[in-house]
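Have a look at the structure below before the remarks.
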Amino acid sequence: MRIVVLLLIATGFSHTFSIRPTRVHHHQPTTSLNLLDLPSIINPDFLQALHIVPPLSSLPPLNILVPTISLSFLSSSLLLNVARNKSYSSPYPTRSYDASAAATYFSTRPFLQLYRSAQISLLSSSFIFKVLDDNFISKPPSSYDSDLNRGRQLSKLLTTLGPTFIKVGQSLSTRSDILSPGYCAGLASLQDAVQPFPTPDAFAQIEKSFKISSVYDVFKTITPEPVAAASLGQVYKATLLSDDSVVAVKVQRSDVVKQIALDMHLIRSVAPIVKMLFKVTTDLVETTDTWGRGFVDETDYLKEGRNAMQFNKQISKSPLNNVVFAPDVVEHLTTSNILTTQWIDGERLDKYEGEDVSKFCSVAMNCYLTMLLDQGLLHCDPHPGNLLVFEDRLCILDWGLVTNVNKELQVTLIEHVAHLVSKDYAAIPDDLVKLDFVPASMVEKMKEEGVVELLADIYSQWGDGGGAANIDVNQVVGKVKNLTQKGEGSIFKIPPYFLYIAKSFSVLEGIGLSNDKGYSIINECLPYVSKRLLSDKDERVAGALNSFIFGSEKDDKDRVVDIERLEKLAGGFGSYSKSAAGSFRSDKEILDEQASMITDLLLNDSDEENPFVELLLEQGAKFLSANVRKVYQNARKQSGMIGKDGRRSALGFLIDPLGLWRDSVLVKLDDVDMRVLRSQERILDVVGQLTPKEMSNEDKLRLGRAVLEKLVEKRGLVAKNGGKLATYIVKQTSERLKKGAGGGNGSGNGEERVNKVEEEEEERGEVRSVREMREMRESRRNLEKTKKDVDIPIIDVEFESERLQRARAILKVLEDEKGGKKVTENGVGVNIL
């Protein structure tokens with residue numbers, strides 16, 4: 001909180017020191033100092049008349065003292081800038097945020113800076129002194145409730161200070177790296193609601209922008225008062241004269257751009273001071289510039305209209321078509337400060353009481369994930385008033401505040417979300433480096449100080465649902481502070497691009513939690529992430545897919561699919577259509593789409609390699625090879641034993657009379673084979689997950705028939721993939737022979753193998769007792785000590801019970817030999833082949 005206080009103080013008094021702006025040369029100055037731009041800073045009646053600040057006479061002496069001293073000192077230093085610089089006609093000549101141009105513009109208007117600084121100082125002083133008293137004088141015990149109370153007071157202050165500070169406060173409400181949880185909660189209620197400006201002024205703006213003599217030249221009717229007012233403008237409901245369409249007309253406040261420009265210039269001037277004094281790792285100047293770009297973009301209604309139209313065009317190509325939309329823009333009645341759109345008479349999502357509210361929440365989440373990770377244009381102001389339920393569709397209003405997400409960042413975010421959903425927390429440090437949350441030099445420090453474990457704990461609790469309510473926020477903050485104090489500086493920083501992403505999804509989580517106390521935003525991401533991982537052909541997304549399915553074995557040639565992870569991924573994929581838009585479409589549409597998705601998932605109909613199809617072929621080759629070896633081993637056993645020593649099977653002798661291949665890695669089952677065979681038992685469960693959970697058995701049969709029909713239609717692709725499968729089998733067989741030739745058949749030595757089988761079988765509950773396994777291991781040790789020529793093969797879990805019986809027979813042989821007798825079983829030497 002001290003950072004915010006210093007920000008207010010420094011903003012108010014920033015020009016006590018002659019902070020000379022950066023000169024720029026890429027714009028040509030057009031006008032000099034305009035005295036009409038300079039408000040009076042001497043006459044208190046002027047301030048009272050503008051209703052900007054209370055009359056000076058009504059303020060406590062302490063509130064006047066500091067500003068008065070600073071004002072007298074400021075005059076001379078600010079006037080010097082007038083002689084040094086010429087002026088632009090606008091702080092942002094291109095109507096886009098430009099910190100350098102704004103600095104030059106305001107450098108020739110020193111009294112404007114002085115006036116605004118004094119205004120901020122006067123309005124902020126009471127709150128500042130309260131916070132200073134909390135920290136340095138009375139020092140009451142710090143608590144969440146006390147911070148919450150101060151946060152609410154700060155919220156009222158920022159509302160009074162105007163549009164820029166309202167926007168800054170809304171952005172700070174998600175910045176737990178700058179403010180305490182209590183302050184963040186206090187600012188969360190900050191609203192854009194402000195007093196509307198006079199309707200005659202608004203109508204005059206409309207007439208000037210449309211070049212008409214009266215608003216009734218284009219509107220048949222228009223409300224005499226605004227139906228809504230916010231910090232940047234206000235909205236009227238009107239009917240078009242041309243076709244009786246009902247529209248919303250948003251009119252911008254006059255000079256709001258100049259006000260935002262001045263405030264952002266003052267805040268940016270003090271940002272380096274705050275960063276230096278408090279050693280903040282976050283780049284506050286870049287953060288201020290990010291805010292500025294967003295605020296200024298919101299004032300360009302032409303850009304807002306283009307954003308809405310671009311969204312409608314992109315979303316029409318997704319499964320969310322006809323389910324989510326932005327109001328249509330009336331282009332010929334839209335200018336840079338007037339926006340005319342279709343009127344939407346909907347119900348706010350957070351107040352919607354329909355039975356399908358949870359489905360609308362799922363649609364909203366899938367929509368924002370699609371914007372963030374696919375389309376690249378993210379709506380950054382999804383507060384409840386901008387999400388409306390209208391005619392069984394979700395309408396998103398207010399497209400002024402958006403952010404563009406490039407392809408590189410999209411893929412990195414997909415990787416990170418995949419690691420979160422699959423609980424692969426070991427990959428989180430590298431993710432945070434790629435996302436610019438942690439410097440690469442801090443990765444080892446993260447591991448040393450237990451940050452990974454802390455994050456894993458937080459993510460795990462977050463994934464369980466309930467949002468931050470189920471997490472002890474104060475305890476987490478305390479741990480992070482403790483970790484920071486141990487090291488040299490803070491480990492974490494918040495990259496500027498993340499500000500708006502965090503704002504968007506925190507609001508969505510809040511809406512979800514208001515409907516379902518167990519709502520988990522991480523789990524809600526699973527359907528979209530699953531669909532994207534399984535269908536995207538990007539190389540890095542393929543890496544994320546491998547991480548999700550194989551975990552730490554993703555780079556191992558002998559990797560075997562983690563069946564539980566695959567089942568989770570398949571479940572997410574199966575529920576995507578339903579969660580995205582299923583409740584708003586017919587069952588036939590859902591079945592057709594699901595059948596197409598599954599067919600496309602199983603077959604690659606393009607020349608570009610599909611990572612998931614290749615993964616299926618690779619694992620399919622392992623499943624096929626392991627099953628062939630298993631069938632062969634069973635057939636050998638069932639064919640009976642021949643020979644004097646009973647060590648050859650009839651089938652083995654028939655196929656390989658000389659015994660050249662009897663111990664070959666091509667016919668013996670190894671560890672990888674055993675893992676593959678165990679995994680295949682649950683493959684049908686995985687296939688079942690590809691269908692939505694709510695689907696009836698009858699619909700599943702219909703879906704199966706639809707998939708088969710599509711596979712028949714694409715039988716050429718089936719044959720093509722069959723050839724690829726054969727290639728994988730040949731390749732894996734070659735690698736298996738090379739390993740066998742090098743002594744690395746993957747089986748390990750005998751005792752290690754027995755130990756491993758024992759552990760695996762105990763987990764499956766298929767070993768009758770640990771004592772029996774220990775007896776078998778002890779028998780092996782005894783045989784090795786007596787150096788008997790008894791062949792002890794690799795244990796096959798398939799025939800464990802029979803082998804236990806034979807192991808007992810071997811123990812009996814050893815016991816009888818110790819007594820001087822030679823015993824055989826059924827007249828032949830005992831063997832367990």
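Just so you know, residue 1 is the first one in the sequence shown, and it goes up from there. Predicted, not measured: the structure shown is a model, and the values here were computed from it. Side-chain atoms are counted along with the backbone in the values below, which use heavy atoms only and exclude waters and symmetry mates.
Pairing each heavy atom of A326 with each of W399, the nearest pair is CB-NE1, 3.3 Å. Of all heavy-atom pairs between L435 and P495, the closest is O-CG, 3.5 Å. Annotation for R116 and L161: closest pair NH2-O, 2.7 Å, computed over non-hydrogen atoms. In terms of heavy-atom proximity, K258 sits nearest to F106 at O-CZ, 3.8 Å. When all heavy atoms of F360 and L349 are compared, the pair lying nearest together is CB-CD1, 3.7 Å. The two residues P196 and R253 have their closest heavy-atom pair at CA-NH2, 3.9 Å.
In this structure, R109 is not positioned above the aromatic face of F111 in the sense of NZ or CZ being under 6.0 Å from the six-membered ring centre and within 45° of the axis.
A 4.5 Å side-chain heavy-atom check between R293 and T290 finds at least one atom pair inside the cut-off. The side-chain heavy atoms of C395 and P327, taken from C-beta on, include a pair separated by under 4.5 Å. Put simply, the side chain of Q113 reaches to within 4.5 Å of the side chain of H265, judged on heavy atoms. Side-chain contact between D297 and K303: present, with at least one pair of heavy atoms (C-beta onward) separated by less than 4.5 Å. Side-chain atoms of F165 and I120, non-hydrogen and from C-beta on, do get closer than 4.5 Å to each other. Looking only at side-chain heavy atoms (C-beta outward), T199 and P224 stay at 4.5 Å or farther from each other. The closest side-chain heavy-atom distance from M264 to T288 is below 4.5 Å. Inter-residue side-chain proximity for V227 and Q234 is flagged as unmet; no heavy-atom pair is nearer than 4.5 Å.
No donor-acceptor pair under 3.5 Å is formed between the side chain of H379 and the backbone N or O of N307. The main-chain N or O of L377 is never found under 3.5 Å from a side-chain atom of N404 such that the two would form a donor-acceptor pair. A donor-acceptor pair is defined here as one N or O able to donate and one able to accept, closer than 3.5 Å; no such pair exists between the side chain of S124 and the backbone of S121. A distance-only check finds no donor-acceptor pair linking the side chain of Q205 to the backbone of N337 [under 3.5 Å]. Of the possible polar contacts, none joining the S155 side chain to the G151 backbone as a donor-acceptor pair under 3.5 Å is found.
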- Worked check of side chain to side chain contact (heavy atoms under 4.5 Å, CB included) between F295 and V256: CA-CA 10 Å; F295 299 163; V256 70; over 6 Å; no
- Go through the steps for I501 and L372 under the test side chain to side chain contact (heavy atoms under 4.5 Å, CB included), then give the verdict. CA-CA 8 Å; I501 295 176; L372 174 66; 3.8 Å; yes
- Task: Please test T164 against L262 for side chain to side chain contact (heavy atoms under 4.5 Å, CB included), starting from the C-alpha separation and ending with a verdict.
- Result: CA-CA 9 Å; T164 308; L262 175 58; over 6 Å; no
- Task: Go through V257 and Y92 one step at a time and tell me if the side chain to side chain contact (heavy atoms under 4.5 Å, CB included) criterion holds.
- Result: CA-CA 8 Å; V257 176; Y92 302 132; 3.9 Å; yes
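Residue Y368 holds its OH atom at 14.0 Å from SG of C525, rounded to the nearest 0.5 Å. With values rounded to the nearest 0.5 angstrom, E304 atom CD is found 8.5 Å from T341 atom OG1. The distance from atom CD of Q259 to atom CG of L112, rounded to the nearest 0.5 Å, is 10.0 Å. Here the CZ atom belonging to F129 is positioned 9.5 Å from the CD1 atom belonging to I137, to the nearest 0.5 angstrom. Atom-to-atom distance recorded for D381:CG and L387:CG is 9.5 Å, nearest 0.5 angstrom. Within the model, atoms OG1 of T104 and CG of D98 stand 8.5 Å from one another, a figure rounded to the nearest 0.5 Å.
Look at D398 and K250 and you find a salt bridge, because one of the NZ, NE, NH1 or NH2 atoms lies within 4.0 Å of a carboxylate O, short of that distance. With respect to R150 and D134, a salt bridge is recorded, a charged nitrogen being found less than 4.0 Å from a carboxylate O. Salt-bridge annotation for E225 and K237: absent, with no side-chain N of the basic residue lying under 4.0 Å from a carboxylate O of the acidic one.
A donor-acceptor contact closer than 3.5 angstrom links the side chains of Y97 and D289. Remark: the D300 side chain and the S336 side chain contain no N/O donor-acceptor pair separated by less than 3.5 Å.
With ring centers used as reference points, F498 lies under 6.0 Å from F437.
Ring-plane geometry between Y236 and F203 is classed as tilted, the angle between the planes lying from 30 to 60 degrees on a 0 to 90 degree scale.
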